[in-house]
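Within every chain, numbering begins at 1; the chains are lettered A, B, ... in the order of the sequence lines, protein sequences first and strands thereafter. Not measured: the values here are computed from a predicted model.
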Amino acid sequence: MSDKSSEKDQVLMEKIVSLCKRRGFIFQSAEIYGGANGCWDYGPLGAELKRNLKDYWWRKNVQEREDILGLDGSILTLESVLEASGHLGGFSDPMCDCLLTKARLRADEIDPQSGTAYHYTGASHEESGWSVDRAYSVLLSENQDENKARKTARLYYSQFLSDKQISPKKLELAGESTEEVTDSTSYNPENGSLLTAAREFNLMFKTKMGASADESDPKGTAYLRPETAQTIFVQFKNVVDSNRVKLPFGIAQIGKSFRNEINPRNYTFRSREFEQMEIEYFCREEDGMRLTDEWLETRLSFYEEIGIPREHLHVLDVPDGERAHYSKRTYDIEYEFPFGIQELEGVAYRTDYDLKKHREHSGKPIEFFDDEAKEKLLPHVVEPSAGCDRTILALICEAYDEETITDDKGKEETRIVMRFSPRMAPIKVAVLPLLKNKPELVAKAREVQSMLTPFMNVFYDETAAIGRRYRRQDEVGTPFCVTIDFETLGENGDEDKDTVTIRERDSMEQRRIPISELREYLLDAIV
RNA sequence: GCGGGUGUAGCUCAGGGGUAGAGCGCAACCUUGCCAAGGUUGAUGUCGUGAGUUCGAAUCUCAUCACCCGCUCCA
């Protein structure tokens, strides 16, 4: 499968985005103010979906496991923490662009060059009267012909021409001057063209702590955390001291993180504010590689349990040289999005790098005492780090389905169904009185509704025709619809009294079930 | 950040220097009946935003913002 999306996939993605807005899953942030780039809000159904995902993740990884404890750390993070973790130094790169080719270069990786710089102040075209005032330079090494500088400059100025028929050769250069330059990194080594000034692409959101914070206060600068992991490492010692734990054990956290992405793309996939679901699983060094493999399997099963089949997932064993320098093994779990195969989760063996760094920078003894081995050690760590919003997007993409069905009159129509697993579905059951102008039906339906609401998200709908109500529920992925009809009231005798029809989303089949069994039936299906 | 495209009702989109349009959806009512049914009635827009040209701009020009595609970037 290609990484690029085909036209068909683009259309599919547009339909998904449209449905998400129309039905209240996802809205763009601050839309009425023109929209915030790279920020998205979850609407009523999106919020439910996200809660279901987070709750299930927490249940599987914390509630149902004795070896993992939860944590919920602050988002504001001291500069010193991020200095220790390496984010402060390595998280921003000075970048510059070639003015001629628009190539982007790392400013700190340019070889210094020497030679003669040819400066220009602009260019003009006599016949058309066109001109441009803009400083530009070209650097030539010693043995290059000076006409090369002029040729390059004409090419540069020609991009401002509105009439593309004019040949760059016809341009008249203005204000040529030369200058000897040594060890400059202002020019593109490839073609000698001037580069833009280096810009820092700081990927972290910086902020001020304290109302009167000033620059000189080392605790005056804070960042919105770029990952949840650091909270866990920094609180490692406190968690160990306040709980009886033995290796291996994990600390889990769900929370927001922030990265000032240069170019947010693909709907919510690359957002500037996003939620992570992370575990740092601490272990002895000799178990690190094995546990990484085990976690990969555990995590793949999780995706299956929430309705993302293994066939749509890809595991990338990140090769040497592409992993973070401290990682001995990293698996990326990727999903086949309509816009390409993209990462959902990374399972990384981070060695003892993080704890070591924090021990070094904080100067605090944060070693773990292993009671069984009677030794002090710094544990290694395996990190399954899942993107919550990315998983939501995968759930939505996976659920979306269009089904062609033929009605009684032989007419074909399209049924749009969100095939969420009942466990993830934002609405678990819709309660529908067959007709709303019959008070007995409405009263009974309300009774069923309030019986179920303490246990699950129930949607009550009495408008429009029953068929239409079913289809509405299909479009938001409600797995079950319960209809209260005249049999429920006992009109057809005692046998069907207090039974309802339950209609299943995927098969559209219905059967009768006593109201008394409804709760258990539904709970079994959505647990 | 660069290049290309798009922006009009909740959604999908047509139109186009002179009264703002369609389909679907939505709301209300009627119908003892189960897969977008039928009928009646109704609501909704600073035509993305800001400036300019014009007697007059949703339409033309410029800027700007957002989204999509490609490139780039992704510790």
Answer yes or no: does a side-chain N or O of A:Arg468 lie under 4.0 Å from OP1 or OP2 of B:G25? yes

Is the CD atom of A:Glu360 crowded by more than 12 outside heavy atoms at less than 6.0 Å? yes

Classify the side chain of A:Asp474 versus the base of B:C35 as yes if they form a donor-acceptor pair under 3.5 Å and no if they do not. no

Smallest separation among heavy atoms of A:Met209 and A:Leu76, with atom names: SD-CD1, 4.3 Å

Report the distance from atom CZ of A:Arg22 to atom P of B:A9, rounded to the nearest whole Å. 15 Å

Whole-Å gap separating C1' (B:C74) and CZ (A:Phe274): 11 Å

Want to settle it: does A:Ser18 or A:Glu227 sit nearer the 5' end of RNA chain B, counting the closest nucleotide to each? A:Ser18

With sugar-phosphate meaning primed atoms plus P, OP1 and OP2, does A:Gly38 contact a base, only sugar-phosphate, or nothing at under 4.0 Å between heavy atoms? sugar-phosphate

Tell me: CG of A:Leu344 to C1' of B:C74, nearest whole Å? 16 Å

Rounding to the closest angstrom, what is the interatomic distance between B:C11 and B:C26 at atom C1'? 11 Å

Residue list, ring pair (Phe, Tyr, Trp, His ring centres under 6.0 Å) with A:Tyr331, at least two apart or on another chain: none

is_close_aromatic(A:Phe27, A:Trp40), centroid dist under 6.0 Å: no

Compare side-chain N and O positions of A:Thr483 against OP1 and OP2 of B:G33 and report whether any pair is under 4.0 Å apart. no

Give, ordered by number, those residues of residues 382-389 of chain A having at least one heavy-atom distance below 4.0 Å to an atom of RNA chain B; if nothing qualifies, reply none. none

Atom CG of A:Asp317: over 12 foreign heavy atoms under 6.0 Å: yes

Mind checking the P distance from B:G4 to B:C74? Whole angstroms is fine. 25 Å

Kindly point out which of B:A37, B:C34, B:U12 is positioned nearest to the side chain of A:Thr501? B:C34

N/O (side chain, A:Asn37) to phosphate O (OP1/OP2, B:C67) under 4.0 Å: yes

What's the gap between B:C30 and B:A22 when it is taken at their C1' atoms, as a whole Å value? 27 Å

Can you measure A:Gln276 atom CD to B:C74 atom P for me and round it to whole angstrom units? 18 Å

Measure the distance from CZ on A:Phe27 to C1' on B:G10 and round it to the nearest whole Å. 10 Å

Taking the minimum atom-to-atom distance to the side chain of A:Ala465, which one of B:A37, B:C68, B:C11 wins? B:A37

Checking A:Glu278 now: which residues fulfil side-chain hydrogen bond (donor to acceptor under 3.5 Å, both in side chains) with it, not counting sequence neighbours? A:Thr228, A:Ser385

Any donor-acceptor N/O pair under 3.5 Å between B:G70 base and A:Arg265 side chain: yes

A:Leu12 atom CG is separated from B:U12 atom C1', nearest whole Å, by 16 Å

Consecutive-pair stems (3 or more, Watson-Crick or G-U, under 3.5 Å) for RNA chain B: B:1-7 with B:65-71, B:10-13 with B:21-24, B:26-30 with B:38-42, B:48-52 with B:60-64

Would you say the base of B:C35 and the side-chain of A:Arg469 have a donor-acceptor pair closer than 3.5 Å? no

Mind checking the P distance from B:G15 to B:G21? Whole angstroms is fine. 16 Å

Determine the Euclidean distance between corresponding P atoms of B:A66 and B:C60; express it in Å to zero decimal places. 23 Å

P-based separation of B:A57 from B:C2 [nearest Å]: 32 Å

Heavy-atom closest pair (A:Ala445 atom, A:Val431 atom, distance to 0.1 Å) is O-CG1, 3.4 Å

Does a side-chain N or O of A:Asn266 approach OP1 or OP2 of B:C69 to a distance below 4.0 Å, or not? yes

Quick one: closest heavy-atom pair of A:Met204 and A:Leu82, and the distance? SD-CD1, 3.9 Å

Closest to the A:Leu434 side chain: B:C35, B:G33, B:A37? B:G33

Check this one for me: any side-chain N or O of A:Gln28 less than 4.0 Å away from OP1 or OP2 of B:C67? yes

In this structure, CG of A:Leu452 is separated from CG of A:Asn457 (nearest 0.5 Å) by 11.0 Å

Starting at atom CZ of A:Arg503, determine the distance to atom C1' of B:A36, rounded to an integer number of angstrom. 11 Å

Taking all non-hydrogen atoms of both residues into account, name the closest pair between A:Ser257 and A:Gln276 and its distance. OG-OE1, 2.8 Å

Considering residues at least two apart in sequence or located in another chain, which fulfil the side-chain hydrogen bond (donor to acceptor under 3.5 Å, both in side chains) criterion with A:Arg323? A:Asp320

From A:Leu313 atom CG to A:Glu334 atom CD, the distance as rounded to the nearest 0.5 Å: 9.5 Å

Provide, to the nearest angstrom, the distance between the OH atom belonging to A:Tyr470 and the P atom belonging to B:C35. 8 Å

C1' atom, B:U46 versus B:U32: distance in rounded Å? 48 Å

Closest approach of A:His361 and A:Glu83, non-hydrogen atoms and distance? NE2-O, 4.2 Å

Under-3.5 Å donor-acceptor pair between A:Glu475 side chain and B:G25 base: no

What interatomic distance, in whole Å, is found between C1' of B:U12 and the corresponding atom of B:G45? 16 Å

Determine the sole option in A:Val448, A:Leu435, A:Val442 for which the side chain to side chain contact (heavy atoms under 4.5 Å, CB included) test with A:Ile484 is passed. A:Val448

Quick one, give me the B/S/- string for nucleotides 27-32 of chain B, reading 5' to 3', where B means a protein heavy atom under 4.0 Å from the base and S means that only happens at the primed atoms, P, OP1 or OP2. SSS-SB

